[in-house]
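Here's the structure we're looking at; comments come further down.
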Amino acid sequence: MERGGVVLVVLCVIFVCVWGVEGNGAPRPKLWSILDEDGEWHVQAGTYGMERRGVGKEEDGGDVKIWPMPYSVAHGDGTVMLDRGSFQFEFDAGNGSAMPDTLAKAFVRYYDLIFSQHAPRWDASPSDHALVKLVVGLGSRNEELQYGVDESYTLEVPDSSASNVAYLEAHTVYGALRGLETFSQLTTFNFKSKKVQISNTPYVIKDFPRFAYRGLLIDTSRHYQPVSSIKRVLDSMAYSKLNVLHWHIVDEQSFPIEIPSYPLLWKGAYSYAERYTMDDARDIVEYARLRGINVMPELDVPGHAASWGVGYPDLWPASECIEPLDVSKNFTFDVINGIIGDFRAVFPFKFAHLGGDEVDTSCWEQTSHVKSWLNDRNISTKDAYANFVVRAQDIAIKHGYVPVNWEETFYTFASQLREETVVHNWLRGGTCRKAVKKGFRCIMSDQATWYLDHLDAPWDKFYDTEPLLNITDPDEQSLVIGGEVCMWGETVDESNILQTIWPRAAAAAERLWSSLDFTKQGATTALKRFQYFRCLLNRRGISAAPVFYGSSYALGRDSPRDPGSCFKQ
């Protein structure tokens, strides 16, 4: 017998053992049983034509075109079709129990993603050895989404000669969502058979994220983003397994959201039409949850808040000196309390961002009644700045939030910050290393490499940025909860937000999801797979800018320069 035949027979034996096939969906051993504690095969992978992470193939584009790369991938060289005949392919929650609504809606979305790219051929009878089902098993049917939810999963896709049922197991529905995304990325359209197929089968994929917090900031204060635009951003985030939308809702230029406790605040919107109702916010939060994404609202105080005074002028120190907010009035903190209370009814995420950056306190010194307030208390404007931030933190904590603040608060008065504080690095490199040494948690968003509004920053800088750089102590490493790329809104609106975010945000997404052992190989190694993912985004209706031009990396939201294949740009 020739070598290829031997491999095929052994693969069949392996997958009959793994699945315990007794017809479609028959009982089988637990997925975890075929992997040891480290996710390694019990057998020498190369012996059976299987590989982990496509090692040795990445430099030419590789057979594994998943983004972000899972922790462990073992695959063969077979092909299986997804049937759409009388016995058409379906997703199945298994065990005959009630299906969580989150999973049911995900099945509909991913079925459409898999089969809507081209018009597939419908057959009257099922294809030989076609994949007819993906059975999803859940350890828990709890649909609550919070920080640190288990997103791990294991996915098994058989070779056509072994079984016609694939299996996905996850501890939570949100792990199942991540597995469904991976499964969808394995599928391609065969233009000869006119069917959807999965190449390089069989697959066994074990996966979990490196960091619990993997964020993207969008800014709806510098330019308004319609609800439909925000939802497209959420769709695109799910494709690269980002899981926090940091919604910078308001700033000095506009206050577009409804606050029932203080209904005049949204008079600070750019126009009557450029506003969000609280029902809009609820809709966005639920839309995000169904994709495994938390929404963190930001209320940037005491600076960046001039728009508040359009509806309530008493929040300004003076009509000619309108920010920071007036620190001397209890009314200021009554309004903050009202906003955070209203937010708590809509945004259930553990964290709320309170800003605290770029505060110029000279306005307080130039306003007579504020200056008198400072003198009466014998405090400096720096003291007042600290008092303001900490008082806002206490309000957030009272409402059940963990406060997040930009790094200026850490550098200016770290000893006064509440111990729960999460320091958000943006301005200086090495901030997280300093913050965790003092016991604070930290989110990394270094503007030098992870600011999407920096259009001159190519994707490789995003990919090669390491959140744990120079942090070697394991306890300190655990305090870096993750990272976030930031899409500030000065130069983006609905017309160009997606191609400014993508594909560069996906480079950071892989750094935050995949193992360091893998990502430390660098951007050059990932190029072909990254180009493939960019094309996948475009096929899914997400406008993603080019990656590469002949011999150089494209910059943010560059346009194609010459005729050519998507996979070469």
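In this structure, Trp406 has its ring center closer than 6.0 angstrom to the ring center of His353. Centroid-to-centroid, the aromatic rings of Tyr385 and Phe413 come within less than 6.0 Å. Checked against the 6.0 Å centroid criterion, the rings of Tyr239 and Trp502 do not qualify as a close aromatic pair. Less than 6.0 angstrom separates the ring centroid of Tyr312 from the ring centroid of Tyr262. Aromatic pair Tyr71/Phe518: centroids not less than 6.0 angstrom apart. Aromatic pair Phe333/Phe388: centroids less than 6.0 angstrom apart. A ring-centre distance under 6.0 Å is not found for Tyr213 and Phe211.
The main-chain N or O of Val423 is never found under 3.5 Å from a side-chain atom of Asn405 such that the two would form a donor-acceptor pair. Remark: side-chain polar atoms of Thr332 are paired, donor with acceptor, to backbone N or O of Asp326 under 3.5 angstrom. Put simply, the side chain of Trp364 never gets that close to the backbone of Lys371: no donor and acceptor are under 3.5 Å apart. Between the side chain of Arg511 and the backbone N or O of Tyr463, at least one donor-acceptor pair lies under 3.5 Å.
The two residues Ala281 and Ile257 come nearest to each other via the heavy atoms CB-CD1, 4.3 Å. Considering every non-hydrogen atom in both Arg210 and Leu512, the closest pair reads CB-O, 3.5 Å. Taking every heavy atom of both residues into account, Ala170 and Ser152 meet most closely at CB-O, 3.5 Å. Residues Ala506 and Phe533 approach most closely at CB-CE2, 3.6 Å, considering heavy atoms.
A donor-acceptor pair shorter than 3.5 Å cannot be found between the side chains of Ser254 and Glu274. Looking at Arg178 and Tyr174, their side chains never bring a donor and an acceptor atom within 3.5 Å of each other. Side-chain N/O atoms of Arg540 and Ser184 include a donor and acceptor closer than 3.5 Å. Side-chain contact of Tyr224 with Glu494: a donor-acceptor pair under 3.5 Å is absent, judged by distance alone. Using modelled atom types, one finds no donor on one side chain facing an acceptor on the other under 3.5 Å when comparing Arg504 with Tyr451. Counting only N and O atoms by type, the side chains of Asp475 and Ser478 include no donor and acceptor under 3.5 Å apart.
For the pair Arg428 and Tyr411, the cation-pi criterion (under 6.0 Å, within 45° of the ring axis) is fulfilled.
With salt bridges taken as basic N to acidic carboxylate O contacts below 4.0 Å, none links Arg391 and Asp394. Using a 4.0 Å cut-off between a side-chain N of Lys or Arg and a carboxylate O of Asp or Glu, Arg232 and Asp235 qualify as a salt bridge. A salt bridge links Glu151 with Arg214: the distance from a Lys NZ or Arg NE/NH1/NH2 to an Asp or Glu carboxylate oxygen falls below 4.0 Å.
With sequence neighbours excluded, the residues forming a side-chain contact (heavy atoms from CB on, under 4.5 Å) with Glu252 are His304, Ala306, Glu323, listed by chain and number.
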From CA spacing to verdict: salt bridge (charged side-chain N to carboxylate O under 4.0 Å, His left out), Arg275, Glu258 | CA-CA 7 Å; Arg275 293 175 170 180; Glu258 176 185 23; over 6 Å; no

